Each structure stands twice: as C-alpha cells, then as structure tokens.
K.L.:
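After the structure tokens below, expect a handful of questions from me.
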Amino acid sequence: MRARTLAEVAEAVRGRVRPAEAAGTVVRGVSTDSRRVRPGDLFVALPGAHTDGHRFVGQALAAGAAAALVREGHPGLGEPSGPVVEAADPLRGLLDLAADERRHLRGTVVGITGSTGKTSTKDFTAAVLSRRLQVAASPASYNNEVGLPLTLLGAPPDAEALVLEMGSRGRGHIRLLCEVARPLVGVVTNVGVAHMELFRSPEVLRDAKAELPEALPPEGTAVLNADDPVVRSYRARTPAAAVLYGLGPEAAVRAEAVRLDEVTAAARFRLVLPEGSAEVALPVPGEHMVPNALAAAAVGWVLGLTAEECAEGLARASLSAGRMRLLTTPGGLRVLDDSYNANPTSMAAALKTARRMAGRARCVAVLGFMAELGPISVAEHERLGELVVRLGVDHLVVVGEEARLVGVSAAREGLEADRLTFCRDPEEAAEAIRRVASPGDLVLVKASRAARLERVVRALGAEPAPPGVGATEPRPAPEGVGGR
C-alpha cells in the first residue's frame, strides 16, 4: 500500500480521525490480525464468528500499528491507547480503502472465479504472467470481502498484473468484489454443485458466477471454459470480448494429446494458442489440472505472452499448500495432500489421480466431509463412497461423524470391514494410517476445510517429496474407470 496519512484514510472510508491532531500520522500497510501487525500498519478491527477485533486494538497498537480502523461508538473499544479512524463499518471501510488504492494501481487486474479450481488457476496464472510481467497475486485463498482488499492493499505499486481470486456465497458477492477491484480480465473456471447449501439452486449459482463477466468493461476480456455449457453461455452476458479455453475444437486455447506421466501422474499436453503452440509438462499431478492450466495460458495470451512463455510458466508453477502436493513421511509413506477443500468434482478427480499414482503399491484414502452441499449432501457423500470402491482404493479412512456416510456407502458397495476405518478426528486418523499403511503406499488426504485434515498431514510429519517421486509402477485402473 502506498503511504498515506490518517486524514487520507478517513476520507477514503468516510470516517474521522481521533484524536484530530493525529491526522498527519502515516500508515504504510494494513492488517486484520493483531498477531501479525508490522510497525506502521493500520489495524482493521473486524467482527468475527468467535471474537471481535475491537478487543485487540490495544494489542495491535502495542505491537507497532500506527493506528486502528474501528467502528464508531463500539462499546468494547474503550479508550484506545493510540490513534484511530472511526467509521460506520470497518469492513466496508476496508473495501473502500482498497477501492481507493485500486485507483492508484496501474497494473491489469485479472479476476478468477468458479465452483472449483479457482486457487490452482490463480497460481498457474501468476506463474505464467511472471514470465514477462511483475505480478502480485492473492496469497492462499484470499478470495472474499476481506482477503481481496488485503491483496490489493498489499500489492506493490509497480505491479503490472494483479491476479485476484473471487469467491461467492450468494448473489451480489462477486459484484461487490468487482466494484472494488475493477478487473479487465475475468476467468470463470466452471459452475458445479459446490456450496449448494449457500446458493440453494443451480439458477442462483449460475447467476452469481456470471457477475464477474458481467462486470467487465467493453475493452476487457472474459476467459471462459468452453467445456462447461453454463460458463460458455456467459458469452452472451458480458460486454467484453470472450476467449474460450478447453479440450474441444471450438476452444481458441486448447490442449491436444493429453497424457499422464506414468510416474508422477502429472499431465503433459500440447498447448495450442491462436498464434503458436508449445509442449507443456505440468508440475503437479492430476488430469483435472489441465483446464486450470489452459485458463492461465488463455490469460497469458490475452496479455501478450507467447505459447512458449505460457508453457515455461506452467512448468514452473507452484500451487498453494493443501492442493495436490506430493509429500513423504519419515516412514516412507507418500502423502498426496489435497486437504484444503473439497466438493464432489474435486473429490472424484483427486481419488482417480491418487489411484493412478499409487501404481502397484496400495492406495489409502483419508476422507472427511464435503461442506455446504445442502440438499444434495447425503446423495453426494453416498456417491463418494461408491466411487472409492469402484476405483479400487485399498483402504478407506473416514474422519468425523459428518463423513460417516462415505464409509457406510463404501461398505454397502462391497468394501470389506478390514479395509475400512472410522475415526473421530484427524489425530486418530493419523494413528490409523500408521497401522494400515506401509512404506511406498500412497495416502490421499482430502476434505473440506472445516474438517481440518491438514492436521493429519502434520501429524504424519510429511515433507515435500523429492523430484520424480510418484508411482512405483503403474497398474491399470479397474474396469469402467475413465482415464487416459
């Protein structure tokens, strides 16, 4: 964030400085976590699900914050020990401050949304654009009304491209983020059944994801997944030009000759752009990563990169933690950590990839529940258990009562009792893995964030795997299971 006085902050958030004589105090950064405040930061006191940031204003000021953005008249604030900017709503103030910062940023903003694949697509896109441009990107999954403004406020002034993930929990959320970020390029990865509990109907979900292409200016570009009929239909809902990516012939940016590495299960393909082509070797496992990589290449092409530059960027990409990372434990287990989030589509993709990566070794699936599925939750968890059996997973570890249906369904589908373990929590799951898995086995860990299965990975002591560590020897998928 560019340095600004509290008077300038107050103007942006429609607030007032207290005490008035502190109006000239300069802030150089923004934080919403009192534990991570740096000297000179503006601490934004946000209400939380379990606590209220106003309780930590004193702690933030003591840690070096230059001032705090607080709600006017908040009863829990007391007499602050340093300067504050009072506003009607600190969250709205954070958004307004980010919108003001955006007006001073000259870089191209790329917004990315979709039911699945947002973070991986963001990571691939940042890697591609970095071949030629100075890039700032959302850390981890900073994709909501707090994370996106923090990303904008944390971007260096000389950033030539800003890659922002945009999530949604209902109508109007993405529109709000677009009002702040004003993207020139908008990517929609897909529209599936994720978060159906929040959206209630496919129609509401469809309209919510359309808010990004609808918000683009006429001189902008909508990058749309040609293989998803709903996303493809957004061409008629955007004033911007549209570029389609995908596996089919109508896609302007497409993948040809897709195959999976027999050792790592990482995809290789020929990237075809409107001008030129290049061979791509992705650094992460899973055929489902190909569309995400194509979206990134499409953005690269829109911003002037060549096919070769896009391929180089994709090959060097590093995905955020908890997303298809291959790790190893001190005991020799291979752990495929995809614990950050889950929905039916990503669960199926991860299971298929894990089974292929296991090769002739055993495949152990450690699965928790899929959150926010609402009325389709029971059916989707039952289908997941059936898929575990059809794919030939050797042992299923079910974590938490919310995921119990997965194990019940797998047992009903024919999974023997000695190949099924129910665990109450991640720590018990880690103990179960130590009992049932042997060196060389492949252990997939996946669930929605609320299941906290990253604790399984930590309990096992898993570390990044050495280059080239993948399957021991490929074995055919069970009959009826798709794959290349």
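On a predicted model such as this, the values are computed, not experimentally measured, just so you know.
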K.L.:
Taking only residues two or more places apart in sequence, or in another chain, which ones meet Val284 in a side chain to side chain contact (heavy atoms under 4.5 Å, CB included)?
P.N.:
Phe124, Met289, Leu319
K.L.:
For the pair Thr125 (side chain) and Thr121 (backbone), establish whether a donor and an acceptor sit closer than 3.5 Å, ignoring hydrogens and angles.
P.N.:
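The answer is yes, because a donor-acceptor pair under 3.5 Å joins these two groups.
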K.L.:
Is a side-chain N or O of Lys122 found less than 3.5 angstrom from the main chain of Ser138, in a donor-acceptor match?
P.N.:
yes
K.L.:
Which residues satisfy the side chain to side chain donor-acceptor pair (under 3.5 Å) test with Gln134, sequence neighbours excluded?
P.N.:
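Result, side chain to side chain donor-acceptor pair (under 3.5 Å) vs Gln134: none returned.
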K.L.:
In this structure, are over 12 heavy atoms from other groups packed under 6.0 Å from Arg268 atom CZ?
P.N.:
no
K.L.:
Please confirm whether the backbone N or O of Asp394 pairs with a side-chain atom of Arg419, one donor and one acceptor, at under 3.5 Å?
P.N.:
yes
K.L.:
Check whether the side chains of Asp33 and Ser31 place a donor and an acceptor atom closer than 3.5 Å, and report yes or no.
P.N.:
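The answer is no; no qualifying pair exists.
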K.L.:
Taking atom CZ of Arg237 as the centre, report whether more than 12 heavy atoms of other residues, nucleotides or ligands fall under 6.0 Å from it.
P.N.:
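For Arg237, atom CZ is crowded (more than 12 foreign heavy atoms under 6.0 Å).
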K.L.:
Does a side chain donor of either Glu165 or Thr119 reach within less than 3.5 Å of an acceptor in the other side chain?
P.N.:
yes
K.L.:
Cut-off 3.5 Å, side chains only: do Ser346 and His288 have a donor facing an acceptor?
P.N.:
no
K.L.:
With sequence neighbours excluded, tell me which residues meet side chain to side chain donor-acceptor pair (under 3.5 Å) with Arg383.
P.N.:
Glu380
K.L.:
Does any N or O in the side chain of Ser233 come within less than 3.5 Å of the main-chain N or O of Val230, such that one atom is a donor and the other an acceptor?
P.N.:
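Yes, Ser233 side chain to Val230 backbone: donor-acceptor pair under 3.5 Å.
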K.L.:
Applying side chain to side chain contact (heavy atoms under 4.5 Å, CB included), can you list everything that pairs with Ala311, at least two apart in sequence or on another chain?
P.N.:
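By the side chain to side chain contact (heavy atoms under 4.5 Å, CB included) rule, Ala311 matches Ala278, Val280.
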K.L.:
Is the side chain of Thr32 donor-acceptor paired with the backbone N or O of Val44 at a distance under 3.5 Å, no angle test?
P.N.:
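No, the answer is negative, given that no donor and acceptor are paired below the 3.5 Å cut-off.
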K.L.:
Is the shortest side-chain N to carboxylate O distance from Asp441 to Arg362 below 4.0 Å?
P.N.:
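Salt bridge: yes.
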K.L.:
Ignoring hydrogens and angles, tell me if any N or O in the side chain of Tyr340 forms a donor-acceptor pair with the backbone of Ser320 under 3.5 Å.
P.N.:
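A pair under 3.5 Å: no.
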K.L.:
Give every residue pair that meets the salt bridge (charged side-chain N to carboxylate O under 4.0 Å, His left out) criterion with at least one member in residues 401-413, sequence neighbours excluded.
P.N.:
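Sorted result for residues 401-413: Glu382-Arg412.
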K.L.:
So for atom CZ, which belongs to Phe56, do other residues, nucleotides or ligands contribute more than 12 heavy atoms lying within a distance under 6.0 Å?
P.N.:
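Check passes, neighbour count above 12.
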K.L.:
Only one of Val364, Val393, Thr353, Leu336 forms a side chain to side chain contact (heavy atoms under 4.5 Å, CB included) with Leu442, so which one is it?
P.N.:
Leu336
K.L.:
Using a strict 4.0 Å threshold on nitrogen-to-oxygen distance, state whether Glu427 and Arg455 make a salt bridge.
P.N.:
yes
K.L.:
Quick one: which of Asn341, Asn190, Thr345, Asn292 gives a side-chain hydrogen bond (donor to acceptor under 3.5 Å, both in side chains) with Thr116?
P.N.:
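Looking at Asn341, Asn190, Thr345, Asn292, the match for Thr116 under the side-chain hydrogen bond (donor to acceptor under 3.5 Å, both in side chains) is Asn190.
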K.L.:
Begin from the C-alpha positions of Arg131 and Glu309 and carry the test salt bridge (charged side-chain N to carboxylate O under 4.0 Å, His left out) through to its verdict.
P.N.:
CA-CA 6 Å; Arg131 300 309 300 153; Glu309 287 173 319; over 6 Å; no
K.L.:
Any luck finding a side-chain donor-acceptor pair between Thr51 and Arg55 under 3.5 Å?
P.N.:
yes
K.L.:
With a cut-off of 3.5 Å and sequence neighbours excluded, list every side-chain donor-acceptor pair involving residues 430-438.
P.N.:
unit_1: Glu431; atom_1: OE2; unit_2: Arg434; atom_2: NH1; d: 2.7
unit_1: Arg434; atom_1: NH2; unit_2: Ala459; atom_2: O; d: 2.6

K.L.:
Please determine if Glu454 and Arg452 form a salt bridge, counting it only when a charged side-chain N lies under 4.0 Å from a carboxylate O.
P.N.:
yes
K.L.:
When you measure from the side chain of Arg254 to the backbone N and O of Leu247, does any donor-acceptor pair fall under 3.5 Å?
P.N.:
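No; zero donor-acceptor contacts below 3.5 Å.
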